[in-house]
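A short worksheet on the structure shown next.
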Amino acid sequence: MGRLIAWCAALFLTLGAVPVAAHTEDGYDLWLRYRPLPADIQTRDRARAMAVVFDVDRHDIPTLKAVDEIERALEGMLGLAIPTYSQAVQANAIVLGTSAEPRIKALNLPLGQLGTEGYVIRSATIDGKPVTVVAGNSGVGVLYGSFALIQHLQRGLGLDRLDIVSAPKLKLRLLNHWDNLDRTVERGYAGQSIWDWWKLPDFRDPRYTDYARANASIGINGTVLNNVNAKADSLTAPYIAKAAALADVFRPYGIKVYLSARWSSPIEIGGLKTADPLDPQVVAWWKAKADEIYRAIPDFGGFLVKANSEGQPGPQDYKRNHAEGANMLAAAVRPHGGIIMWRAFVYQHENPEDRAKQAYDDFKPLDGKFADNVIVQVKNGAIDFQPREPFHPLFGAMPKTQLMMEFQITKEYLGMATHLVYLGPLYEEVLQADTFAKGKGSTVARVIEGALDGYKLTGMAGVANIGTDRDWSGSTFNQANWFVYGRMAWNPEASAKQVAGEWSEMTFGPDPVVTPAVVNIMTASREAVVNYMTPLGLAHLMATSHHYGPGPWVKDLARPEWNPVYYHKADRNGIGYDRTRTGSDAVAQYAPEVARMFADVKTTPDRDLLWFHHVGWDDRLKSGKTLWDELVARYTLGVGEVADMHRAWRTLAPHIDRERFAKTDAFLSIQQKEAQWWRDASLAYWASVSGRPLPAGETAPAKTLPEYEAISWPHEPGR
Ligand code: GCV
């Protein structure tokens, strides 16, 4: 008996420890945490979630996944083992179904305009009983709607009087993994690649399912598995079988698999002597390869191609253009319904032209030449995922060519894993930029939605920040970048601030103290990083190759555009790249309204100033300060903004579970130290070039310029 009491006491103590254990979270659950809601909310919501009802006889797999997810969520958040009924409608049940089901049809929901992926969530009455209906035109629509319903509950919004109608504005909502076959990840800062190619296809890591759940919960419907700097091996039979195993895991969640294709594969694995797109043997090889892939993966999405860029092979090696290359591949996948995503990220070091102009120069003349199952994938800016770039001039400039957006989610130029930088404002700024392609209001968002030019294919790609780290993305706040990417791919008009709030509520719980503080930190973070790294339109000042830390002094690398001095052009008189008529005239690549604004130093917003103009150190800016004084002030401001973010985070200590609190706290300490390093090293260099002293009141850099120049990171991640 004594032993029994001791055992019960031990059990009690263990269970008593549960709330504490529940507070030590490692981030694996992302925003799908489903932790118990506050007691009053639980009581309210339980009354509205008495059962989950669906038509099991339809064997619709995504709907079954939706049922699983709702059950998991309700059990976690409301503490109920919810009964599932296949058919009979219970009062206060959650009813899932497609428009093909009579009881859904009878409700006359506005499903007509929502396509295969949209959904309706509505408080309704079926057989005289009050219910919550989640309906779509397909099982995937039901799945998306179910995640939306769960998110509503997670955010404490309840199940009363619901009337939510949503459909994606873009067709392709893809992640691009820059994952290599040896599990390294190019520009990956969250561990190894989650694809365990060695053990595939036989071992399907359960993590693949959680990856699919997370993506489906934010509407992502495709994934490119391998690096755009591709190896031909990924198109060999063993790797096709491995990709097919992943496709099997993802299919129930509405996610298709795509592969990056290496242009020279016909030579490397096909034994041909050429990869010329007009060579009949090459054409036949790709056709046979496509047929082989579709036999293994009937719903294979298609290929992503990086060609004639940064040393990758491509059709220009055979004096063919990008359209000839893309269209040949497009013909190979067309019979199967596949597509080609052809990247416009091209520049050549032999080309003396401004790097920012080269993609436009290559692609603009090809407008109208691409097949209709090709979509050209354009990075958000003309250089390369900088903390801030003006929108890419190709948006709005190719009305007869389908264009999709490429954003980077991983933070290559933004402090890798440790700096807290919420990318929502960056995405929003680009998407809301007005191209003036068809008059005022021709935003980049509307271009990629096809609203201006009636594209058949539309899309967005995000370079993934996912790896084997327990928290998937290297930090809690990096998860928010995956999340907001999904939200903006679904709706390019979404508000970054609103999404930050949703993410916070789902990640830390609907806590009225936490949410506004977290949202403030997140929305301030992007401007902070711009200020301490590349203020006033500066760009590409990062250290060589890994792009971590400052390197504005670098000037002796083989290719001109590898050197930061190429981008800032600082000298004794001033700083900035003249892209007006007196310089490279890159402004002329924009519509006249935009070109006029950027061509005049007075109408160029400060944030883009040195991107477009070479400005004298003593010239006055809109603030009334000289450029030199303003530049110094911005760097100092950036450091202060990180300190503010850190202080704000520390006030949340009593509200956030220990592990996630401590990790973010430590990362913010790193960021504070490194923001200071960025400021001090940059100012030491700019002062040496400009010959100006720091304005009164500004603290001198802690080290000398040679000391900053000597800092190196030989074993950095992400290469
Ligand atoms: C995959 C930048 C990155 C490269 C990347 C390239 C691209 O240059 O530094 O790592 O290569 O962009 O987008 O193709």
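Atoms within a ligand are numbered from 1 in the order they appear, just like the ligands themselves. Quick note: residue numbers are just sequence positions, from 1.
- Heavy-atom contacts of Lys306 reach the following atoms of ligand 1: 1 (C), 6 (C), 7 (C), 11 (O), 14 (O) (cutoff under 4.0 Å).
- Ligand-side atoms of ligand 1 in range of Val228: 1 (C), 14 (O), range being under 4.0 angstrom from any heavy atom.
- Scanning the protein for heavy atoms near atom 1 (C) of ligand 1, the closest one is Asn229 ND2, 3.3 Å.
- Here Trp178 has side-chain heavy atoms under 4.0 Å from ligand 1, and that is the only part of it that gets that close.
- Aromatic ring orientation, Phe250 versus Trp195: tilted (interplanar angle from 30° to 60°).
- The shortest contact between atom 12 (O) of ligand 1 and any protein heavy atom is with Lys379 NZ, 3.1 Å.
- For the pair Glu389 and Lys379, the salt-bridge criterion is not met [side-chain N within less than 4.0 Å of a carboxylate O].
- Taking 4.0 Å as the cut-off, Gln312 does not count as a neighbour of ligand 1 on heavy-atom distance.
- Taking any N or O of Asp384, backbone or side chain, at least one lies under 3.5 Å from an N or O belonging to ligand 1.
- The shortest N/O to N/O separation between Arg187 and ligand 1 falls below 3.5 Å.
- Between Arg334 and Asp372, at least one side-chain nitrogen of the basic residue sits less than 4.0 Å from a carboxylate oxygen of the acidic one, meeting the salt-bridge criterion.
- Within ligand 1, the atoms closer than 4.0 Å to a non-hydrogen atom of Glu186 are 1 (C), 4 (C), 5 (C), 10 (O), 11 (O), numbered from 1 in the order shown.
- Residue-to-ligand polar distances keep Glu406 apart from ligand 1: every N/O pair is separated by 3.5 Å or more.
- Here OH of Tyr567 is found 15.0 Å from CD1 of Ile575. Values are rounded to the nearest 0.5 Å.
- Heavy-atom separations between Asn227 and ligand 1 include at least one value shorter than 4.0 Å.
- Within the listing of ligand 1, atoms 6 (C), 7 (C), 8 (O), 12 (O), 13 (O), 14 (O) sit less than 4.0 angstrom from a heavy atom of Phe345.
- The pair Glu268-Lys231 fails the salt-bridge criterion, with no side-chain N (NZ, NE, NH1 or NH2) lying under 4.0 Å from an Asp/Glu carboxylate O.
- Using the six-membered ring where Trp is involved, Tyr548 and His419 have ring planes that are perpendicular, over 60° apart on the 30 and 60° scheme.
- Under the 4.0 Å criterion applied to side-chain N and carboxylate O atoms, Asp276 and Arg320 are assigned as salt-bridge partners.
- Shown in contact with His547 at under 4.0 Å from a heavy atom are these atoms of ligand 1, numbered in order with element: 9 (O).
- Between Phe612 and Tyr577, a ring centre-to-centre spacing not shorter than 6.0 Å is recorded.
- Closest to atom 8 (O) of ligand 1 among all protein heavy atoms lies Glu310 OE2, 2.8 Å.
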Working for ring pair (Phe, Tyr, Trp, His ring centres under 6.0 Å), residues Tyr413 and His540: CA-CA 8 Å; Tyr413 294 95; His540 221 301; 5.4 Å; yes
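- Ranking the protein heavy atoms by distance from atom 3 (C) of ligand 1 puts Glu412 OE2, 3.3 Å first.
- For Trp713 and Trp677, the gap between ring centers is short of 6.0 Å.
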